[in-house]
Amino acid sequence: MLLILFLGSCSIQKFIPENERLYTGANLKIEADSTVQNLSNLREDLKTLITPKPNSKFLGMYIGLFYYYKNQKEKTNFINRWLFKKLGQKPVYQSDVDELEVKKILRNRLENHGFFYSSISSNFIEKKKKASIMYRIKVPAPYKMATYKIDSMMMPIYNEIKKLKATSPFKKDMRFDLNSLKFERQRLNSELKEKGYYNFNDDFLIFEADTNQYKNKKFDLFLSLKANVPRKSTIPYKVQRINVYPNYSLNDSVAILETRFKNKSYYQDAIKFKPTYLDEFITLKEGDFYSPMASKTTSRRLSTIGTYKYVNIQYKELDTIIKDSAGSLEANIFLSPLTKRAVRVALQAVTKSNNFAGPELEITTSNRNLFKGGETLNISANIGYETQLTSGDNTGLSSLGLGLKGSLIFPRVITPFSIKEDFFEYSIPKTKMSLGLTYLNRSQLYTLLSGSANFGYLWNANKYITYEFNPITINYVRLSNSTPEFEEILSNNSFLQRSFNQQFISGLTFSFTYNEMLDITKPHQFYLQSTIDIAGNSISLFDKEKKLGEPKQFLGLEYAQYAKVDIDARYHFNFGKTNAQTIAARIFAGYGLAYGNSDVVPFAKQYFSGGPYSVRAFNIRSLGPGTYSEDTTNVQPIGSFFDKTGNVRLEANIEYRFPIYSFFKGAIFVDAGNVWNTVANPIFEGKDTFSSNFINELGIGAGIGLRIEVQGFVLRFDLAAPFHNPAFIEQGTNWNFRIDEPVFNFAIGYSF
């Protein structure tokens with residue numbers, strides 16, 4: 001196929017019309033004065049102005065041009081038409097090049113950079129059916145600034161601009177540059193807006209350069225206001241009155257009830273949102289100068305409450321006599337609430353990489369603005385059934401899960417001590433409380449009843465950084481109705497048994513997240529999340545030792561004591577047209593340490609590897625720990641699901657994502673990872689321990705994927721096969737690309 005493309009793309013010359021030559025591009029030859037700096041940057045800038053762009057090539061072949069010509073035939077097949085639609089390019093000929101227009105554009109750009117009186121010449125280089133063009137440019141010494149002055153202006157704006165001049169980036173001997181002048185106008189406009197100049201805009205400013213005083217390419221720069229600038233644009237404005245509409249609708253009539261609270265007027269027919277709670281989100285203050293930043297901050301903070309669909313801040317000039325010192329504004333804050341109550345029902349078919357599948361139903365009811373302070377109460381109930389699909393030793397395994405969870409979110413900080421209102425500038429933290437109860441029955445194994453309670457805070461420090469701190473996290477797990485088969489598994493694996501014995505977990509968690517992934521315009525995106533999980537330290541002060549040498553208990557329950565640290569780092573490089581292609585990379589590292597009352601991390605807190613969000617060439621929980629292979633142990637297959645965990649986890653992934661057609665996208669990926677124990681589990685005969693040889697014990701696989709992405713919702717299908725399996729190191733067959741044993745993964749959302 002590649003040979004056909006090569007031969008075909010090499011034969012395009014026969015399609016070129018008799019009186020035409022294929023345009024192959026342009027070259028720049030620049031002769032610059034010795035004082036010109038950053039010549040390479042100037043060259044790259046000028047290259048972007050040269051038009052037209054020649055037809056693209058791939059490995060020296062004009063593939064797009066070839067299929068354009070093929071499609072011009074009267075009779076062409078379906079494949080050629082499809083390839084033309086995807087790859088075809090209209091030919092660019094020598095006659096399409098407008099030398100005079102290009103030279104005019106190049107000269108204009110040079111003058112914008114301060115290189116006046118440049119000379120530009122050009123000539124075509126013709127070879128058979130192809131032609132290129134050479135542009136020769138002589139760049140003289142640039143004009144440089146001698147002084148920067150402010151012309152006389154009306155008061156009080158003259159004094160403000162004079163102060164702002166002191167922070168200008170303009171320096172003596174700075175090269176004349178039109179873009180720098182534009183940026184300075186924008187900077188001054190932004191600074192003046194923050195000082196209250198509501199009606200000002202950067203079009204009112206004009207720069208003038210005077211070279212009459214110099215003969216050595218120097219100029220004086222003068223900043224002034226254009227003629228006929230309105231008087232109201234040259235004075236600052238103060239916010240005289242603030243009106244807040246907490247329950248606004250376009251169909252509303254004039255609100256009857258007005259409430260004054262902290263120098264703000266709240267208009268609502270009935271108290272839908274208490275002013276005492278809403279006021280802390282509003283940074284605007286009566287008597288302050290107009291500030292776009294204060295408006296933006298207020299709008300952002302109000303939007304984070306979770307109660308409002310739209311936040312709209314409008315300013316109105318008051319019909320008062322404009323004094324020389326300041327004008328007056330009225331700020332109107334219109335808040336359109338979301339529906340107070342909502343019910344969401346989700347029915348889905350769950351398919352897991354451990355070959356369990358089944359339906360799951362979840363019902364969630366929400367009550368927004370529960371106590372008229374922006375609180376949100378969510379109550380969800382779910383029921384799910386899973387059964388083993390494939391035949392084998394695990395045939396007949398099934399599970400029934402029931403869950404009930406309630407969470408209450410307060411859009412403010414609830415603490416026993418007071419915090420200043422202006423302590424959190426970007427956003428106000430949220431206080432989260434939750435209670436949950438879960439029932440899980442695994443046939444042939446056990447019944448597990450668990451309860452959880454959490455209390456903590458969530459805070460956006462800025463656009464990219466989020467903190468979450470849960471000073472209270474409580475989990476209770478009760479194992480019952482265990483079958484003889486499962487009891488045998490526990491008796492053969494003391495580590496597993498001790499991890500289930502720790503019924504009570506109480507501690508705290510703290511996480512830091514830096515996320516640039518939401519900014520889709522950035523070509524380079526970074527993501528970093530670090531989580532610390534510590535349990536058992538506080539209740540160890542109140543424990544009791546039931547028997548000497550045995551684990552201590554709290555309220556009659558054996559409690560866990562451990563510390564965990566996770567680091568998840570990701571990088572996305574977006575490139576191509578509209579950044580549609582992405583190279584995504586991820587590194588994950590996690591470590592758990594059991595101490596004090598525990599000699600093993602609880603089972604629910606241990607790491608596992610493999611699956612749709614991990615190393616996709618291995619089924620979930622089928623990788624590791626270390627070089628362990630279940631074929632070399634006496635562990636029954638039914639227990640292998642529980643064994644493949646550890647207190648150390650390392651993973652790395654890299655993936656190339658590309659568009660296919662419409663909302664279909666493809667991917668090519670490589671994953672590597674494994675889990676280990678730092679303290680050997682006797683049942684694995686030392687094969688599970690972490691050592692300096694961990695690199696050679698990574699499970700590695702590669703695969704391809706299909707993604708269906710519609711408005712941010714992603715269905716992901718991945719097919720992967722391992723080419724390094726640490727379980728076969730002893731047999732010497734660990735490096736073997738088992739393409740005939742692929743693993744299929746289905747998931748919602750990207751893996752990283």
Side-chain angles (χ1 to χ4, degrees), residues 239-288 291 293-316 329-344 364-379 406-415 418-434 455-460:
V239 179
Q240 182 172 314
R241 186 174 178 85
I242 300 175
N243 302 320
V244 185
Y245 299 85
N247 195 41
Y248 179 74
S249 171
L250 291 176
N251 300 323
D252 278 355
S253 58
V254 178
I256 300 174
L257 181 62
E258 176 187 358
T259 304
R260 287 290 290 178
F261 182 79
K262 289 189 176 181
N263 297 321
K264 300 179 187 68
S265 296
Y266 292 83
Y267 292 92
Q268 44 189 336
D269 294 329
I271 300 298
K272 299 295 180 63
F273 203 121
K274 296 178 181 178
T276 183
Y277 292 135
L278 193 58
D279 187 79
E280 61 182 321
F281 292 90
I282 302 173
T283 60
L284 302 179
K285 294 181 181 180
E286 291 184 358
D288 283 359
S291 168
M293 183 59 68
S295 296
K296 184 177 181 180
T297 301
T298 296
S299 179
R300 181 184 63 247
R301 288 159 68 108
L302 289 169
S303 298
T304 61
I305 295 176
T307 302
Y308 291 111
K309 180 167 51 176
Y310 301 114
V311 176
N312 186 13
I313 302 177
Q314 298 179 5
Y315 288 92
K316 178 182 177 182
L329 293 174
E330 179 183 73
N332 295 297
I333 305 175
F334 300 102
L335 305 174
S336 302
L338 292 161
T339 304
K340 182 175 176 63
R341 293 178 177 85
V343 177
R344 182 174 64 88
T364 302
T365 176
S366 300
N367 189 323
R368 304 182 182 95
N369 201 26
L370 181 64
F371 305 123
K372 300 180 180 180
E375 306 84 4
T376 301
L377 174 65
N378 296 315
I379 299 176
S407 64
L408 183 59
I409 303 173
F410 295 84
R412 53 188 172 273
V413 181
I414 298 178
T415 61
S418 61
I419 299 177
K420 292 183 179 180
E421 293 183 3
D422 58 351
F423 182 79
F424 302 103
E425 295 182 3
Y426 185 82
S427 67
I428 296 177
K430 293 183 178 181
T431 302
K432 301 175 64 176
M433 307 175 185
S434 67
F455 176 87
Y457 308 98
L458 183 66
W459 174 42
N460 294 321

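The figures that follow rest on heavy atoms only: side chains count, while hydrogens, waters and symmetry mates do not.
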Side-chain ([X]) to main-chain ([Y]) donor-acceptor, under 3.5 angstrom:
X	Y	result
Tyr457	Ile414	yes
Glu375	Leu408	no
Arg368	Thr339	yes
Lys340	Asn369	yes
Thr298	Ala294	yes

Once you round to the nearest 0.5 Å, how far does [atom1] of [X] lie from [atom2] of [Y]?
X	Y	atom1	atom2	result
Thr307	Leu338	OG1	CG	7.5 Å
Asn378	Leu370	CG	CG	10.5 Å
Asp279	Lys274	CG	NZ	15.0 Å
Ile282	Ile333	CD1	CD1	4.0 Å
Tyr245	Ser265	OH	OG	8.5 Å
Thr297	Leu302	OG1	CG	10.5 Å

Considering only heavy atoms from C-beta outward, does the side chain of [X] approach that of [Y] to under 4.5 Å?
X	Y	value
Tyr277	Lys372	no
Pro411	Glu280	no
Asp288	Val239	no
Lys285	Asn263	no
Glu330	Gln240	no
Leu335	Tyr248	no
Pro275	Lys264	no

Do you know the tightest heavy-atom contact between [X] and [Y]?
X	Y	answer
Lys272	Asn247	NZ-ND2, 3.1 Å
Asn312	Gln314	ND2-NE2, 2.8 Å
Val413	Thr431	CA-OG1, 3.5 Å
Ile305	Lys430	O-NZ, 4.0 Å
Ser295	Leu284	N-CD2, 3.9 Å
Gly373	Arg412	O-NH1, 2.8 Å

- Item | Atom CZ of Phe261: over 12 foreign heavy atoms under 6.0 Å |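 More than 12 heavy atoms, drawn from other residues, nucleotides or ligands, come within 6.0 Å of this atom.
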- How are the rings of Tyr308 and Phe273 set relative to one another: parallel (under 30°), tilted (30 to 60°) or perpendicular (over 60°)?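 Tyr308 vs Phe273 ring planes: parallel.
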- Query: Sequence neighbours excluded, which residues qualify as ring-ring contact (aromatic ring centres under 6.0 Å, His included) partners of Phe371?
  - Reply: none
- Item | Arg301-Ser427 side chain donor-acceptor pair, cut-off 3.5 Å | no
